[in-house]
Amino acid sequence: MRSLVIASGMTDDFSRLDATGQAELVRRHEVTPLELVDAAIARIEHLNPTLNAVIHPRFEAARAEARAAVGPGSGPFHGVPFLVKDLLCSTAGDPMHMGTRFLRDVGFRAPHDSFLAQKLRAAGFIILGRTNTPELGTLPATEPDAYGPTRNPWNPEHSTGGSSGGSAAAVAAGLVPAAHANDGGGSIRIPASECGLVGLKPSRGRTSFGPDVGDGMGGMVCEGTVTRSVRDTAGILDAIAGHMPGDPYTAPPPGRPYGQEVGTAPGKLRVGMLLRPPANMGTVHAEVAAAVDATGGLLAELGHEVHVAHPDALDEPEVGQHFSTMYATHVAHLLETLSVFVGRPLGRDDVDPLNWSLAELGNACSANRYLASVDWIHGYTRRLAGWWEHGFDLLLTPTVPEPPPLLGAFRPDPEMPVVAGLRATMFAAFTAPFNMSGQPAISLPLHWSSGGLPMGMQLVAAFGHEDLLLRVAAQLESAQPWADRRPALHA
C-alpha cells in the first residue's frame, strides 16, 4: 500500500480512501503520516493548476508536522491530510483573505488558531493549505476576483457551488479525503451537492467560533466539513463538536458518539417530501424533481413512511426579506471590522458589486429593523419546529433546484448587482431556511444528471438530531452507494 508516484493520468492508492481509511493505515503502521502528506501534495500539484481549489499551500510546514507525527498518535485521524477553507477557521501564521483582494494585497495572515483549527489538529489532521471561497462567502459559486474560479472536477466548465467550493472540489477530485467547510445559507450543502459529496450542516451551536467570534451572522452560520463518506462526517463531527470556553450557547450534547450512529438502524420514520421551492421561489429542474421522487421511493423501500408534505412556515413570503436583512447587516459589519486590518475605510472599489450593494443596505438598516428581523426569525424557527414536533421525523428536499450551473452564472453585473443576489436567494431556497432555524441538514450524493453532474438530496431533522440524520444517511449510503463514482478530474 505504498504507491506514491503520480505521473500523468496515474492514481496513487491513497486517493480512493476516505479519511477513516487513511487513518486506519497509519494505525496499522502500513503507511506513515509523511507518506500520506507527500502523496496528497503530489495530487494537489498535479490537478490544482486545473481546479484552482487550493489557494494558500503550506506544504513544507505540513511535511514538518508529518515528520513530527511519529508514534500512534492520540487523535482518530492521526496523520491524515486535510484542507481548510479560507473563511473563518483561522490557522496561525497562514494567509487568510476570505476571497477578498484587499486582504490579499496587504498580505494578511491569521495571528492564531481558532478553536476549530485546534480541534482539527488535536484529531490528528495535518493541514496542507487553505481553499478558495467567494468574496466574503456571499455567493453560491466560488469565483472570487481575488483568486479566480474553482472548477468542478465532474465538468470544469461548471460551478462547484459556494461558498465552500474550493474544499468541495479538492475532496471530490481526491486531493484530500475531507476538508473544512462552513454554511451560512447552504455553503456546506450546495458545494456538496454540486461536487458529489456528503455535506452536513450541524445544529446551531454544535461547533465553536471562538476565540474571536461568538457566533456567525446571528447564529445562521455553522462550521463543518465536506467528505466522501458518512462515517467520515460522523467521525469528524465527534472531533470538532462541543462547547468551548466563552461560547454564548451550545447545542445539546449527543447521547453517544456520532460515529456509533453509522450502521445503527434508524427505525421506521415518517418523512415529508417537498418537490417545489419554498414559497414558490422559482422552479425545480425536471431531473432534480425526478431525483427527489426517486429518493422518496428508496426511503419507502427501506421501510419509512413517506408523504408529500412540508412545514407551512416554509412558504411564508417574508423569509427572503429577513434573511437579506441578516446578510446585509453582516456584510456591512464585516467590512468595517476588516478595515482595521488594512488600515483604512473600505469602499466601493474594494469589493465586488454585490457585496458593496449589500453593505450599503446593511449600513442603512436601523437597529429597530435589525431587531425586528431577529424577532421574526425566532418566531419562524418555532413555527418550523412545530412540524417536527407533531408527527414528522425528517424532511426530504433537493439541495439545490438545478444541476450545477455553468461558471459565471452568479457573477454580479456592476449595473444591476441585485440580480445576482436574487438568483442566489432562489438557488438557496431549500437550504437557507434551516440556517435561520438552526436545524441540522445533510446533502447526500444520491443522483447524477443525464449530463453526468451530481445532484444532492437534502434531509432535515429537528434541532439537535444530527444522530438521526447520520443513521438515515448511512442507510441510504448502503442502499445506493456512491463510493465508486469518480469525476473526470480525479487524482
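Residue numbers start at 1 and run along the sequence shown. The structure displayed is predicted, hence computed values, not measured ones.
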Quick one: are [X] and [Y] in side-chain contact, heavy atoms under 4.5 Å?
X      : Y      : answer
Phe341 : Leu103 : yes
Leu120 : Phe82  : yes
Pro266 : Gln475 : yes
Met220 : Met326 : yes
Glu65  : Arg67  : no
Val400 : Phe430 : no
Asp86  : Thr131 : no
Pro445 : Pro454 : no

[X] and [Y]: side-chain donor and acceptor closer than 3.5 Å?
X      : Y      : result
Thr138 : Asn355 : yes
Lys85  : Ser167 : no
Ser203 : Gln439 : no
Arg189 : Ser164 : no
Thr397 : Gln458 : yes
Ser187 : Ser163 : yes
Asn52  : Thr150 : no
Arg130 : Thr91  : yes

So that I can tick it off, tell me whether [Y] and [X] are bridged by a salt bridge, with the cut-off set at under 4.0 angstrom between side-chain N and carboxylate O.
X      : Y      : result
Asp393 : Lys268 : no
Arg206 : Glu223 : no
Lys201 : Asp183 : no
Arg228 : Asp232 : no

Over 60° means perpendicular and under 30° means parallel, so classify the ring planes of [Y] and [X], tilted if in between.
X      : Y      : result
His97  : Tyr147 : parallel
His330 : Tyr327 : perpendicular
Phe77  : Phe125 : parallel

Closest approach of [X] and [Y], non-hydrogen atoms and distance?
X      : Y      : answer
Pro140 : Ser159 : O-OG, 4.2 Å
Leu47  : Ala173 : CD1-O, 4.1 Å
Pro156 : Leu407 : O-CD1, 3.5 Å
Cys89  : Ser114 : CA-OG, 3.4 Å
Pro245 : Phe115 : O-CE1, 3.9 Å
Gly259 : Asp238 : N-OD2, 2.8 Å

ask   = So among Val84, Leu175, Val37, Val54, which one has a side chain to side chain contact (heavy atoms under 4.5 Å, CB included) with Leu128?
value =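 Running side chain to side chain contact (heavy atoms under 4.5 Å, CB included) over Val84, Leu175, Val37, Val54 with Leu128 returns exactly one hit, Val37.
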
task = Tell me whether the centres of the aromatic rings in Phe410 and Phe427 are closer together than 6.0 Å.
result =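 Yes, the ring of Phe410 comes within the 6.0 Å limit of the ring of Phe427, centre to centre.
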
inquiry  = Quick check on Arg486: does its CZ atom have over 12 non-hydrogen neighbours (other residues, nucleotides or ligands) under 6.0 Å away?
reply    =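 Result for CZ/Arg486: enclosed.
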
request  = Answer yes or no: are there more than 12 heavy-atom neighbours, outside His333 itself, under 6.0 Å from its atom NE2?
outcome  =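 Not more than 12 within 6.0 Å, no.
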
task = Any salt bridge (charged side-chain N to carboxylate O under 4.0 Å, His left out) involving residues 89-107? Give me the pairs, sequence neighbours left out, ordered by first then second residue.
result =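 Found Arg58-Asp94.
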
inquiry  = Run the salt bridge (Lys or Arg N to Asp or Glu O under 4.0 Å) test against Asp18 and tell me which residues pass, sequence neighbours left out.
reply    =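 Asp18 satisfies salt bridge (Lys or Arg N to Asp or Glu O under 4.0 Å) with Arg231 only.
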
